[in-house]
A.B. asks: 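The structure's right below; bear with me while I get my questions together.
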Amino acid sequence: MAEILLEARDVAKHFGGVKALRDVSLSIRQGEIFGLIGPNGAGKTTFFNCLTGLYVPDGGGFTFAGTPLQADAPHQAAERGIARTFQNIRLFANMSALENVMVGRHVRTRAGVLGAMWQSAATRAEESAIRQRASDLLHYVRIEDRADDLAKNLSYGDQRRLEIARALATEPKLLCLDEPAAGMNHTETAELRDLIDGIRRDGTTILLIEHDVKLVMGLCDRVAVLDYGAKLIEDVPAVVQKDQRVIEAYLGA
C-alpha cells in the first residue's frame, strides 16, 4: 500500500456560530486521485482553504509528507508542495497565458531583487528556464497555441486548463482542484478527465472537489463525503455511492 502523503486530523473551522468543519479526519495516499464531495455548503472549499493557508483551522491540523504542515499563508503551502485551483477562476486577466504560468514558477526561483535589477548571467539563465518551463506546461495542458493571448480572451475551458498549468508550475506533490469541471460541456469534461489522469500518471497526487459525481466515481481511487461540515464516509467509489447516508445527503431522507 502506498505511503500517506496527507493526513488531516480533527480539522475544525467555525465562522461565528456556524461550524463549517466538524473535526474532519481523512488521509490521502501518495499517487492517488482522492475525491472530496458533498452537497453545497458541506464544507469542501473550507477544507481546501484550511489546507492551503487561506484559513487557519480552529482545531486539529495536517501532516504532509511525514511532517506537520504549518501553513498560515498560501505561499507557505506552495513552498511545501501543495498547489490549488479555485472554484471561481483566478487568473491575471491582463497577462498572457505564458506570463500567468511564469508567475507560478516564482515559488521555485532563486533570483532576488539585486539579480533582477542588474540582470546577472544567473538571473538571465533562470528567466530563460522559467519561460521554457511555462511553455512546456502550456503544451502539456494543450493550449500552447494561446501562449501570447491575454488570459481574459481565452475560452472558459482553456482558462481552466491555464489555471491547472499555473498550479503545476509550482512543482506540487499534491494538486488540489476545486470544481475544475464546473461549467464545462461533455467534451471538455472528457478532455479534463484525461488531463487529470495524465497528471496522476506523471507522479502528482490529486485532491479533487467536484459536483460531477459521475466524473468523481469514474476517476477517483477513493472518495470522502462531507455533509454539514462532518465526514460521512471515506472509501472506494463503489462503496461510497451505495452508502445510505450519502444518498440521503444528496437526495434527502
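In what follows, residues are counted from 1 in the order of the sequence shown. Keep in mind that what you see is a predicted model, and the values were worked out from it rather than measured.
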A.B. asks: Return yes when atom CZ of R200 has more than 12 non-hydrogen atoms of other residues, nucleotides or ligands closer than 6.0 Å, and no otherwise.
C.D. replies: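 Result for CZ/R200: enclosed.
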A.B. asks: About how many Å separate CG of L138 and CG of D145, when rounded to the nearest 0.5 Å?
C.D. replies: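 Between D145 CG and L138 CG, I get 9.5 Å after rounding to 0.5 Å.
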A.B. asks: Give a yes or no on whether I233 and V236 share a hydrophobic cluster (residues Ile, Leu, Val, Met, Phe, Trp, Tyr; joining criterion: side-chain heavy atoms under 4.5 Å apart).
C.D. replies: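 Result: yes, single cluster for both.
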A.B. asks: Quick one: does Q70's side chain get under 4.5 Å of Q76's, heavy atoms only?
C.D. replies: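 Not in contact.
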A.B. asks: Minimum heavy-atom separation for T63 to G66, with atom names?
C.D. replies: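 Heavy atoms of T63 and G66 come nearest at CG2-C, 3.7 Å.
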A.B. asks: Measure the shortest side-chain to side-chain distance between T45 and F86 over non-hydrogen atoms and say whether it is less than 4.5 angstrom.
C.D. replies: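 Answer no - side chains too far apart.
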A.B. asks: If you count every heavy atom of other residues, nucleotides or ligands that lies below 6.0 Å from D202 atom CG, does the total exceed 12?
C.D. replies: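 Yes, enclosed.
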A.B. asks: With side-chain contact (heavy atoms from CB on, under 4.5 Å) as the test, would you mind laying out the steps for V141 and L162 before giving the verdict?
C.D. replies: CA-CA 7 Å; V141 301; L162 177 57; over 6 Å; no
A.B. asks: If you compare all heavy atoms of A169 against all heavy atoms of L137, which two are closest, and at what distance to 0.1 Å?
C.D. replies: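 Shortest heavy-atom separation between A169 and L137 comes out as CA-CD1, 3.5 Å.
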A.B. asks: Judged by atom type as modelled, is there a donor-acceptor pair below 3.5 Å linking the side chain of E188 to the main-chain atoms of N185?
C.D. replies: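 Such a contact is found between E188 side chain and N185 backbone.
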A.B. asks: Examine K44 relative to F48 and say whether NZ or CZ is less than 6.0 Å from the centre of the six-membered ring and inside a 45° cone about the ring axis.
C.D. replies: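 Output no; distance or angle outside limits.
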A.B. asks: Under 4.5 Å between any side-chain heavy atoms of E127 and M102, yes or no?
C.D. replies: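 They are in side-chain contact.
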A.B. asks: Taking it one step at a time, do V225 and D243 satisfy side-chain contact (heavy atoms from CB on, under 4.5 Å)?
C.D. replies: CA-CA 10 Å; V225 183; D243 188 276; over 6 Å; no
A.B. asks: Answer whether the closest heavy-atom distance between the side chains of Q132 and D136 falls below 4.5 Å.
C.D. replies: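 Yes, close enough: below the 4.5 Å cut-off.
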A.B. asks: State whether the number of non-hydrogen atoms from other residues, nucleotides or ligands found under 6.0 Å of Y228 atom OH is greater than 12.
C.D. replies: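 Atom OH in Y228 is not packed in, count stays at 12 or less.
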A.B. asks: I'd like to know if the side chain of E210 and the backbone of A181 have a donor-acceptor N/O pair within less than 3.5 Å.
C.D. replies: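 Confirmed, E210 side chain pairs with A181 backbone.
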A.B. asks: Specify the closest pair of heavy atoms between G229 and V24, including all atoms of both residues, with the distance to one decimal.
C.D. replies: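 Closest pair (atom of G229, atom of V24, distance): O-CG2, 3.3 Å.
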A.B. asks: Kindly give the heavy-atom pair with the smallest separation between A151 and N100, and that separation in Å.
C.D. replies: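 Shortest heavy-atom contact: CB-ND2, 3.7 Å.
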A.B. asks: How long is the gap from CD on E234 to CD1 on I28, to the nearest 0.5 Å?
C.D. replies: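 It comes to 8.5 Å.
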A.B. asks: Rounded to the nearest 0.5 Å, what separation is found between the CG atom of L5 and the OG1 atom of T205?
C.D. replies: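 L5 atom CG to T205 atom OG1 measures 5.0 Å (nearest 0.5 Å).
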A.B. asks: R80 and T67: side chain to side chain donor-acceptor pair (under 3.5 Å), yes or no, with the steps?
C.D. replies: CA-CA 10 Å; R80 282 292 303 272; T67 59; 2.8 Å; yes
A.B. asks: By the definition ring-ring contact (aromatic ring centres under 6.0 Å, His included), identify the one residue from Y55, F34, F62 that meets it with F47.
C.D. replies: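 Of the listed residues Y55, F34, F62, the ring-ring contact (aromatic ring centres under 6.0 Å, His included) partner of F47 is F62.
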A.B. asks: Report yes or no: do V56 and L21 belong to one cluster of Ile/Leu/Val/Met/Phe/Trp/Tyr joined by side chain heavy-atom distances under 4.5 Å?
C.D. replies: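 No; L21 is not reachable from V56 via cluster members.
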A.B. asks: Measuring from atom OG of S27 to atom CZ of R9, what distance do you get when rounded to the nearest 0.5 angstrom?
C.D. replies: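 S27 OG to R9 CZ: 11.5 Å, rounded to 0.5 Å.
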A.B. asks: Do L54 and L207 share a hydrophobic cluster (ILVMFWY, side-chain heavy atoms under 4.5 Å, transitive)?
C.D. replies: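 No, separate clusters.
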A.B. asks: Which heavy atom in S135 sits nearest to a heavy atom in L98, and how many Å separate them?
C.D. replies: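 Heavy atoms only, the tightest pair is N-CD1, 3.6 Å.
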A.B. asks: Is any side-chain heavy atom of L154 less than 4.5 Å from a side-chain heavy atom of L91?
C.D. replies: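 When only atoms from C-beta onward are counted, L91 and L154 do not touch, as no gap falls below 4.5 Å.
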A.B. asks: Rounded to the nearest 0.5 Å, what separates atom CD1 in I196 from atom OG1 in T204?
C.D. replies: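 The CD1 atom of I196 sits 12.0 Å away from the OG1 atom of T204.
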A.B. asks: Where is the tightest heavy-atom contact between I82 and C176, given as atom of each residue plus distance?
C.D. replies: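 Scanning both residues completely, I find the closest heavy atoms to be CG2-SG, 3.9 Å.
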A.B. asks: Answer with yes or no whether the hydrophobic clustering places L177 together with Y156; edges join I, L, V, M, F, W, Y residues whose side-chain heavy atoms lie under 4.5 Å apart.
C.D. replies: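 Yes.
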A.B. asks: Could you tell me whether a side-chain N or O of R105 sits under 3.5 Å from a main-chain N or O of I130, the two making a donor and an acceptor?
C.D. replies: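 No, R105 side chain to I130 backbone: no donor-acceptor pair under 3.5 Å.
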A.B. asks: According to a 4.5 Å side-chain heavy-atom criterion applied to Ile, Leu, Val, Met, Phe, Trp and Tyr, with indirect links allowed, do L226 and V18 form part of one hydrophobic cluster?
C.D. replies: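 Per the 4.5 Å side-chain linkage, L226 and V18 are not co-clustered.
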A.B. asks: Does V216 reach the side chain of P237, with side-chain heavy atoms less than 4.5 Å apart?
C.D. replies: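 When only atoms from C-beta onward are counted, P237 and V216 do not touch, as no gap falls below 4.5 Å.
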A.B. asks: Checking side-chain contact (heavy atoms from CB on, under 4.5 Å) for the pair Q241/V246: CA distance, chi angles, key distance, verdict?
C.D. replies: CA-CA 7 Å; Q241 60 189 345; V246 176; over 6 Å; no
A.B. asks: Test R84 against N49 for side-chain contact (heavy atoms from CB on, under 4.5 Å), laying out the working first.
C.D. replies: CA-CA 10 Å; R84 71 170 296 178; N49 289 343; 2.6 Å; yes
A.B. asks: Report yes if some heavy atom in the side chain of L51 is under 4.5 Å from a heavy atom in the side chain of V11; otherwise report no.
C.D. replies: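 They are not in side-chain contact.
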A.B. asks: To the nearest 0.5 angstrom, please state how far the CD atom of E179 sits from the CD1 atom of I37.
C.D. replies: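 That separation rounds to 11.5 Å.
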A.B. asks: Looking at side-chain heavy atoms only, is the closest gap between R146 and D158 below 4.5 Å?
C.D. replies: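 Yes, close enough: below the 4.5 Å cut-off.
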A.B. asks: Give the intermediate values and the outcome of side chain to side chain donor-acceptor pair (under 3.5 Å) for residues D10 and S25.
C.D. replies: CA-CA 5 Å; D10 301 323; S25 297; 3.2 Å; yes
A.B. asks: Assess whether atom NE2 of H139 is packed by more than 12 heavy atoms of other residues, nucleotides or ligands within 6.0 Å.
C.D. replies: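 Open.
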A.B. asks: Indicate yes or no: does R193 engage D197 in a salt bridge with an N to O separation below 4.0 Å.
C.D. replies: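 Salt bridge flag = no for D197 with R193.
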A.B. asks: Among H186, M184, R161, which residue meets the side chain to side chain contact (heavy atoms under 4.5 Å, CB included) test with E191?
C.D. replies: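 Going through the options one by one, the only one that passes is R161.
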A.B. asks: Any donor and acceptor pair, going by atom type alone, linking the side chain of D221 with main-chain N or O of I33 inside 3.5 Å?
C.D. replies: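 A pair under 3.5 Å: yes.
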